[in-house]
Amino acid sequence: KLPHQENGRLDWLVTGDALSNRLILQSNQQDRFLEHHADYPHYFQSLEKIKTFKGFIIPAHDRPFHSETLESIRQRIFDVTTLKSDCNN
């Protein structure tokens, strides 16, 4: 069972431009100002909500990745039922 599975279900979050890439989740507040957003308070609130999500995240300009490890899925085509928690398959 994967760490992000609840009741045998894989959870996915599509963020669009609310999260451009997985590295933003590791960044400190100062680094986040490099992102182009008009409403910074709303942007930071969105990032904090995204950080609490457990499962796979699909950002706007990066590969899908696992929220707990920040490891990306490196395959262009993949079967979600065979994903491992480290995403390196």
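Values below: every heavy atom of this structure, side chains too, minus hydrogens, waters and symmetry copies. One is the number of the first residue; the rest follow in order along the sequence.
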CZ (Arg63) and CD (Gln75) are apart, to the nearest 0.5 Å, by 10.5 Å
If every non-hydrogen atom of Pro59 is compared with every non-hydrogen atom of Pro64, which pair is closest and at what distance? CD-CA, 4.3 Å
So how far is it from Thr52 OG1 to Leu47 CG, rounded to the nearest 0.5 Å? 11.0 Å
To the nearest 0.5 Å, atom CZ of Arg22 lies from atom CG of Leu70 at 7.5 Å
How long is the gap from NZ on Lys51 to CD1 on Ile57, to the nearest 0.5 Å? 11.0 Å
Using modelled atom types only, decide if a donor and an acceptor are shared between the side chain of Ser72 and the backbone of Phe65 within a distance under 3.5 Å. no
Describe, in one word, how the ring planes of Trp12 and Phe56 are oriented to each other, choosing from parallel (under 30°), tilted (30 to 60°) and perpendicular (over 60°). parallel
Ser46 side, atom OG; Leu19 side, atom CG - distance, nearest 0.5 Å: 10.0 Å
